[in-house]
Amino acid sequence: MMELRRRLAHKHGAQTACPFLTKRALMAIADDPNTTAPYWRVVRANGAMIDYSPGGAAAQAKRLKAERR
């Protein structure tokens, strides 16, 4: 998530991106049934899954594992 915030800030010429709004945007993307954005690839800085993604951390891990095949 920190890397996502860093890249967003850099892309838009800002020093930082708001953690709250970044989380809200990620949640909105994930909740959109028509999204093609691979939101499940966003993990915490320590590598942990994001528990507030659709289906929780277990569903995120399942999607990531499916991509490796």
Side-chain angles (χ1 to χ4, degrees):
M1 187 78 97
M2 289 177 62
E3 180 66 15
L4 175 62
R5 289 179 38 225
R6 186 190 67 75
R7 287 181 183 215
L8 284 170
H10 182 265
K11 181 178 179 178
H12 297 285
Q15 291 181 352
T16 188
C18 174
F20 177 78
L21 292 178
T22 302
K23 176 182 175 182
R24 294 289 302 198
L26 183 61
M27 289 172 55
I29 292 166
D31 286 338
D32 180 356
N34 299 313
T35 189
T36 58
Y39 62 86
W40 59 89
R41 292 181 184 161
V42 178
V43 297
R44 297 187 186 281
N46 66 1
M49 302 294 109
I50 297 176
D51 53 351
Y52 54 79
S53 63
Q60 182 184 15
K62 185 176 178 180
R63 290 188 89 157
L64 287 169
K65 287 178 184 174
E67 284 188 337
R68 292 192 319 189
R69 295 179 193 162

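Between Gln60 and Ser53, the shortest heavy-atom contact is CB-OG, 3.9 Å.
Remark: Arg41 engages Glu67 in a side chain to side chain donor-acceptor pair (under 3.5 Å) (not counting sequence neighbours). For Lys62, there are no side-chain contact (heavy atoms from CB on, under 4.5 Å) partners at least two apart in sequence or on another chain. Asp51 meets the side chain to side chain donor-acceptor pair (under 3.5 Å) test with Arg44; sequence neighbours excluded. With sequence neighbours left out, the side-chain contact (heavy atoms from CB on, under 4.5 Å) criterion links Arg6 to Glu3. In this view, Ala59 satisfies the side-chain contact (heavy atoms from CB on, under 4.5 Å) rule with no residue, not counting sequence neighbours. Annotation: side-chain contact (heavy atoms from CB on, under 4.5 Å) contacts of Arg63 (sequence neighbours excluded): Tyr39, Trp40.
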Pairs of donor and acceptor atoms involving the side chains of residues 12-34, under 3.5 Å and at least two apart or interchain, shall be tabulated with distances.
from: Thr22; atom 1: OG1; to: Cys18; atom 2: O; distance (Å): 2.8
from: Asp32; atom 1: OD1; to: Asn34; atom 2: N; distance (Å): 2.9

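Taking Ile, Leu, Val, Met, Phe, Trp and Tyr as members and joining any whose side-chain heavy atoms lie under 4.5 Å apart, directly or through other members, Met2 forms no hydrophobic cluster with any other residue.
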